[in-house]
Number of protein chains: 2
Amino acid sequence: MGRGKIEIKRIENSSNRQVTYSKRRNGIIKKAKEISVLCDAKNLSNELDRIKKENENMQIELRHLKGEDITSLQFRELMRIEEALENGLTGIRNRQASSFIPTS
Amino acid sequence: MGRGKIEIKRIENSSNRQVTYSKRRNGIIKKAKEISVLCDAKNLSNELDRIKKENENMQIELRHLKGEDITSLQFRELMRIEEALENGLTGIRNRQASSFIPTS
DNA sequence: CCTGCTATGCTTAGGCC
DNA sequence: CGGCCTAAGCATAGCAG
């Protein structure tokens, strides 16, 4: 490509590396958009965004269940979380209790 | 490209669409591998795998906290979850209580 | 850091196995 | 589906601003 062929190995010069990165990254993104239109595919980048968003939501939910970052929550939200926690505890305790059923 | 230019819009013929998909997909993967080597980047696909894994782990944790899929858990694991739930409840109830502090 | 240029050479549509 | 082939068309390395 370009003015000459290059070997595929780490580019040591950091500014060249950065320039190549941003040029090639744009190229890849363009191709990804094209394939998503041409082939009706969900395209790597959209999927990445979707999964990242899902990830973020689960992190928030986990923190809430652990009692973190809850200062800004509304009362209804707190009630919902409390109920989820109580249900979880009930499930866990039933499971623990069943572990103790004598085998004879 | 190829024998002629094509417009970037959904390819209606499904077998052509599939062929173009697999050819272009390989091209994108090759480029992604190249950029990851050239620029020491984590490459889209590795990041996707990492995030998917993280996602999966959080889903399991959330289900456990909700008391689901716990039949196969060891006792120590159940204890850990119970403790997390109790801590969460304490946090939530403190927060709820503080909502009721009279303002005068 | 970007943008634009341009010579090279890589990618790929369409055909055919 | 995957491979091979070829001609068009694209992407891009190396510079310059």
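Basis for what follows: all heavy atoms, side chains included, without hydrogens, waters or symmetry-related copies. Letters A, B, ... are given to chains in the order of the sequence lines, protein chains preceding strands, and every chain is numbered from 1.
- At a threshold of 4.5 Å between non-hydrogen side-chain atoms, the residues B:Leu38 and A:Ile6 count as touching.
- Of the side-chain N and O atoms in B:Lys31, none sit less than 4.0 angstrom from OP1 or OP2 of D:dA11.
- By the side chain to side chain contact (heavy atoms under 4.5 Å, CB included) test, A:Lys53 is found to be paired with A:Glu56, A:Asn57, residues two or more places apart in sequence or in another chain being considered.
- Among residue pairs with one or both ends in residues 74-93 of chain B, those qualifying as side-chain hydrogen bond (donor to acceptor under 3.5 Å, both in side chains) are A:Glu82-B:Arg93, A:Glu86-B:Arg93, A:Arg93-B:Glu82, A:Arg93-B:Glu86, A:Gln96-B:Glu82, B:Glu61-B:Arg80, B:Glu77-B:Arg80; sequence neighbours excluded.
- Considering only heavy atoms from C-beta on, B:Gln59 comes within 4.5 Å of A:Glu54 through its side chain.
- Rounded to whole Å, the distance from NZ on B:Lys30 to P on C:dG9 is 14 Å.
- Across residues 18-25 of chain B, B:Thr20, B:Lys23, B:Arg24 each have a non-hydrogen atom less than 4.0 Å from an atom of DNA chain C (numbered order).
- Nearest heavy atom pair, residue A:Val37 against residue B:Ile8, reads CG1-O, 3.7 Å.
- If you measure from atom CD of B:Glu34 to atom C1' of D:dA11, you get 11 Å, rounded to the nearest angstrom.
- Proximity of a side-chain donor or acceptor of A:Arg95 to a complementary backbone N or O of B:Leu73 within less than 3.5 Å is detected.
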Per-pair distances, 0.1 Å, donor-acceptor, side chain in residues 21-29 of chain B, under 3.5 Å, sequence neighbours excluded:
residue, atom, partner, partner atom, Å
B:Arg24, NH1, A:Glu34, OE1, 2.7
B:Asn26, ND2, B:Ser22, O, 3.4

Can you list, pair by pair, the side-chain donor-acceptor contacts under 3.5 Å of residues 64-72 of chain B, counting residues two or more places apart and other chains?
residue, atom, partner, partner atom, Å
B:His64, NE2, B:Asp69, O, 3.4
B:Asp69, OD2, B:Arg63, NE, 2.5

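- One atom, CG of B:Asn16, and another, P of C:dG14, lie 7 Å apart when rounded to the nearest Å.
- A heavy atom closer than 4.0 Å to some atom of DNA chain D occurs in B:Arg3, B:Lys5, these being the qualifying members of residues 3-15 of chain B.
- Atom pair A:Arg17:CZ and D:dT12:P shows a separation of 18 Å (rounding to whole Å applied).
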